[in-house]
Amino acid sequence: MAVTPNLAVRSGLGSTPFAARRIPVASQHCCYIARQFTRQTVRRWNLHSICDDAVQIASELVANAVRHGQPDPAAPDSVQTGVWLAFTLRPRTLLCVVRDPSQLHPRLTAPQPMAEHHHGLPIVDALSNTWGWTTEAQARGKSVWARVALPAA
């Protein structure tokens, strides 16, 4: 297996499996990187049956973060943390989280017929069990998350 840069993985005995990666927003391949990272992570955790849904959800959330989650140009450099994609396993769900430096809340809107944009959150809504976002007063930015049910054991 190839080593992925900027990868933090923890899956030791007795711990909650966790994987995170910084997504280079300046790259035109940011969604490809997110899809590859998601596929590698989900397969490593033997969640093959939900792999396609997880890949699509992560790709849509990262695309939204790159397109709409850019920081305020007047913000200090320390605030411009970029986009992060993370996964953790919960007792019955896979949690996908995308963090970006913007505090603009995502809005679920129905796309117009034949529209090229605004399909991301409707796709996330359809493929996930639940999704939402959080912001913190001390930290600039937001986290948009989606939960995917794990297959019954």
Side-chain angles (χ1 to χ4, degrees), residues 1-70 81-136 139 141-153:
M1 177 190 296
V3 176
T4 305
N6 284 326
L7 175 66
V9 176
R10 181 173 57 92
S11 59
L13 191 60
S15 65
T16 300
F18 174 80
R21 189 187 196 295
R22 189 171 194 276
I23 303 296
V25 296
S27 169
Q28 59 183 343
H29 304 293
C30 57
C31 289
Y32 172 80
I33 292 166
R35 287 190 297 270
Q36 290 299 102
F37 174 69
T38 302
R39 192 171 288 111
Q40 291 169 357
T41 301
V42 171
R43 287 180 178 166
R44 182 173 48 250
W45 294 342
N46 294 317
L47 300 173
H48 303 283
S49 65
I50 64 169
C51 186
D52 290 341
D53 288 351
V55 167
Q56 189 66 44
I57 288 167
S59 180
E60 297 297 343
L61 292 179
V62 166
N64 283 350
V66 169
R67 185 176 294 120
H68 304 293
Q70 297 306 309
T81 58
V83 172
W84 281 87
L85 170 61
F87 293 94
T88 190
L89 281 175
R90 298 296 187 193
R92 290 181 285 277
T93 61
L94 173 70
L95 178 63
C96 173
V97 181
V98 174
R99 175 110 179 122
D100 68 60
S102 170
Q103 291 193 325
L104 294 174
H105 294 188
R107 291 186 351 223
L108 178 62
T109 58
Q112 296 296 316
M114 305 301 288
E116 292 184 25
H117 300 288
H118 305 292
H119 292 277
L121 286 179
I123 290 171
V124 170
D125 189 56
L127 295 177
S128 66
N129 295 81
T130 185
W131 70 275
W133 71 92
T134 57
T135 58
E136 297 177 25
K142 69 178 170 303
S143 296
V144 182
W145 52 266
R147 294 181 189 272
V148 180
L150 297 179

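We count residues from 1, following the sequence as given.
- The side-chain tip of Arg147 points at the ring of Trp145 from less than 6.0 angstrom away and within 45° of straight on.
- The environment of Asp125 atom CG is dense: over 12 non-hydrogen atoms of other residues, nucleotides or ligands sit within 6.0 angstrom.
- Trp131 has its side chain out of reach of Cys96: every pair of non-hydrogen atoms, C-beta onward, lies at least 4.5 Å apart.
- Gln56 CD to Leu127 CG: the interatomic distance, rounded to the nearest 0.5 Å, is 6.5 Å.
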Trace of the side chain to side chain contact (heavy atoms under 4.5 Å, CB included) decision for Leu94 with Val42: CA-CA 9 Å; Leu94 173 70; Val42 171; 4.0 Å; yes

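- None of Ile57, Asn64, Leu61, Val66 except one satisfies the side chain to side chain contact (heavy atoms under 4.5 Å, CB included) rule with Val98; the exception is Leu61.
- Closest heavy-atom contact between Arg44 and Ala19: NH2-CB, 4.2 Å.
- Interatomic distance, CG of Leu89 versus OG1 of Thr41, reported as 10.0 Å (0.5 Å rounding).
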Please tabulate, for the side chains in residues 28-38, all donor-acceptor contacts under 3.5 angstrom to protein atoms that are two or more places apart in sequence or on a different chain.
{"unit_1": "Arg35", "atom_1": "NH1", "unit_2": "Ser59", "atom_2": "OG", "d": "3.2"}
{"unit_1": "Gln36", "atom_1": "OE1", "unit_2": "Arg39", "atom_2": "NH1", "d": "2.8"}
{"unit_1": "Thr38", "atom_1": "OG1", "unit_2": "Ala34", "atom_2": "O", "d": "2.7"}

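- The line from CZ of Phe87 to CG of Leu85 is 4.5 Å long, rounded to the nearest 0.5 Å.
- Minimum interatomic distance between Gly82 and Pro101 (heavy atoms only, all atoms of both residues): O-CD, 3.3 Å.
- For the atom pair NE2 (His105) and NZ (Lys142), the distance works out to 8.0 Å, reported to the nearest 0.5 Å.
- Between the CG atom in Asp100 and the CH2 atom in Trp84 there is a gap of 14.0 Å [rounded to 0.5 Å].
- Nearest approach of His68 to Leu104, heavy atoms of both residues: O-CD1, 4.3 Å.
- Minimum interatomic distance between Ala149 and Thr93 (heavy atoms only, all atoms of both residues): CA-CG2, 4.2 Å.
- Within the model, atoms OG of Ser128 and CD1 of Ile50 stand 11.5 Å from one another, a figure rounded to the nearest 0.5 Å.
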